[in-house]
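Note sheet for the following structure.
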There are 2 protein chains.
Amino acid sequence: MHQLCLPTGLTADEMERLDRIIGRRRTVLRGEALYRLDAPFHSLYAVRLGYFKTYQADRHGAVQITGFQMAGDLLGLDAIGAGRHPCDAVALEDSEVCEIAYASLQQLLIAMPALLRHFHRVMSGEIMREQSVMQLLGTMQAPQRFAAFLVNLSARYEARGMASQQFRLHMSREEIGNYLGLTIESISRLLPRFKREGLLRIDNRDIEILDPARLKALAAGAIAR
Amino acid sequence: MHQLCLPTGLTADEMERLDRIIGRRRTVLRGEALYRLDAPFHSLYAVRLGYFKTYQADRHGAVQITGFQMAGDLLGLDAIGAGRHPCDAVALEDSEVCEIAYASLQQLLIAMPALLRHFHRVMSGEIMREQSVMQLLGTMQAPQRFAAFLVNLSARYEARGMASQQFRLHMSREEIGNYLGLTIESISRLLPRFKREGLLRIDNRDIEILDPARLKALAAGAIAR
DNA sequence: CGTGAATTTGACTGACATCAACTCAGGTGG
DNA sequence: CCACCTGAGTTGATGTCAGTCAAATTCACG
């Protein structure tokens, strides 16, 4: 199941038609690219299994990770506009995606208003997500950024019916830092600090949120201290 | 003319049908809101005249401007997902918009594949724009951010066939700074510096780009110095 | 086990924020 | 006509958060 099929008011028949346009599955091993910058756009990809990151690099090598995608997320929405992918998508671990040819999807959107509506919700949601990252990068201090990151991850797991208090960070400290506009060292200092303050339990890349309320308050801007 | 009608391969008949769903015009005076946070979403708005800013505020009052919209831009795409507007949209000067009821638009998208395709391009373009702001906020230093901001404005004017070397900053220093994750003071120091370096001519809010190539190089990451 | 990568920790630095005083432009009313 | 007021913008002095650099430690994996 992925973002495109889940919470739409589709009939069984419609679901089947959606299934039919979902193309071949593709395995992407850890560290491999699903697509690269400037690759021509033909398809969206629904993550079935695993974890991805998307990132841009300017010509002087400065990298910015623009998102982490987990099972259920849709990759490639940013490529529709220009007809080429504006970023790299790389698997953080061995992963599996479904290809969804954009041309076929378009056909189906026309035939299925509920799906159209849903597709727009997904795209709009991506715009909202990026706006909140802008807010994070533009106005928050380091501890607040990191708290917001954890709260957001937790919420995404919860939305998928997975453990939301206890999960694994599938990305490295460096990748977290990059996403949050911070350095690996800053993340590395934040972790023991949050632990000391009783917010988290940390075992390497495994995290347990001990005080969700306080973490949320911190993320929401309860003056970082 | 706005983003939705311009570069689509629509027939004259199709153009007319698009025109017909475009609802009443609405004037928004300087400082007034086109819509507010949490207002229910019914329509998109095409800016016909003037200038807007959109911004989010967290509960502790930290504001982040997420975009500046000029004639031809589309407002409200971020509201489709949740059915409410996730930000405020405020006019920077006396402005005029066209209302486009989303329900009617949906009908038309189904009937006009070229328009559907185009609408997706516009949404996808918004995602790309926000990604480049993420890159800006996440990796660039102050002078590079400001240069990128000016280059981007210039490109938008050029795309509209307006003077791209010489234009007016319709937003205050404070608003520029906020958008770029900087303070008003930083912007205020950057301006004379760019002038000293022969990049700009500045007269209050009127700007002339004297050395577009060097400004672009700076924006692209030619080590800010 | 051993090797290289990831992470942690510490000392120092610097870019930008903060605070505060000042200037300037534009509008208003006496 | 000009004195005054207000908000926007500028400039300078100082502080601080997070970056940088470097070394130590732990982890992952063959």
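Just so it is clear, the structure is predicted and the values come from calculations on it, not from any experiment. Chain A is the first sequence line, chain B the second, and so forth, proteins listed ahead of strands; every chain is numbered from 1.
Contact check, Thr183(A) against dG19(D): a side-chain N or O comes under 4.0 Å of OP1 or OP2. Listed pair Ser186(B) / dA17(C) meets the phosphate criterion, a side-chain N or O lying under 4.0 Å from OP1 or OP2. Taking only side-chain nitrogens and oxygens, Arg205(B) comes nearer than 4.0 Å to OP1 or OP2 of dG9(D). Regarding contacts with the backbone of dT9(C), every side-chain N or O of Arg189(A) stays at 4.0 angstrom or more from both OP1 and OP2.
With Thr54(B) contributing its side chain and Ala89(B) its backbone, the two residues share no donor-acceptor pair below 3.5 Å. Of the possible donor and acceptor atoms, none in the side chain of Arg48(B) sits under 3.5 Å from a partner among the backbone N and O of Arg26(B). Distance alone, capped at 3.5 Å, is enough to place a donor-acceptor pair between the Ser154(A) side chain and the Ser164(A) backbone.
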Pairs of donor and acceptor atoms involving the side chains of residues 34-42 of chain A, under 3.5 Å and at least two apart or interchain, shall be tabulated with distances.
| from | atom 1 | to | atom 2 | distance (Å) |
| --- | --- | --- | --- | --- |
| Tyr35(A) | OH | Gly76(A) | N | 3.4 |
| Arg36(A) | NH1 | Tyr55(A) | OH | 3.4 |
| Arg36(A) | NH1 | Asp88(A) | OD2 | 2.7 |

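Between the side chains of Glu99(B) and Ser43(B), a donor-acceptor pair is found at a separation under 3.5 Å.
We find that CG of Leu182(B) is positioned 18 Å from P of dC17(D), with the value rounded to whole Å. Rounded to whole angstrom, the span from the CD1 atom of Ile187(A) across to the P atom of dT8(C) amounts to 10 Å.
Where the helix from dC1(C)-dG30(D) to dG30(C)-dC1(D) starts and where it ends, the local axes point in directions that differ by 40°; five pairs per end, rounded to 10°.
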*asked:* Generate the contact string for nucleotides 22-30 of chain D. Rules: B means base contact, S means sugar-phosphate contact only, - means no protein heavy atom under 4.0 Å.
replied: -----SS--
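Screening Leu150(B), Ile202(B), Asp211(B) against Phe194(B) for a side chain to side chain contact (heavy atoms under 4.5 Å, CB included) leaves a single residue, Leu150(B). Considering Arg168(A), His170(A), Arg30(A) in turn, His170(A) is the only one that fulfils the side-chain hydrogen bond (donor to acceptor under 3.5 Å, both in side chains) rule with Glu93(A).
For Pro192(A), whose side chain is taken as the heavy atoms from C-beta onward, the closest listed nucleotide among dA18(D), dT10(D), dT9(C) is dT9(C). Side-chain proximity of Ser172(B) to dC17(D), dG19(D), dG9(D): nearest is dG9(D).
In terms of heavy-atom proximity, Arg173(A) sits nearest to Ile184(A) at CB-CG1, 3.8 Å.
For the pair Asp78(A) and Arg129(B), the salt-bridge criterion is not met [side-chain N within less than 4.0 Å of a carboxylate O].
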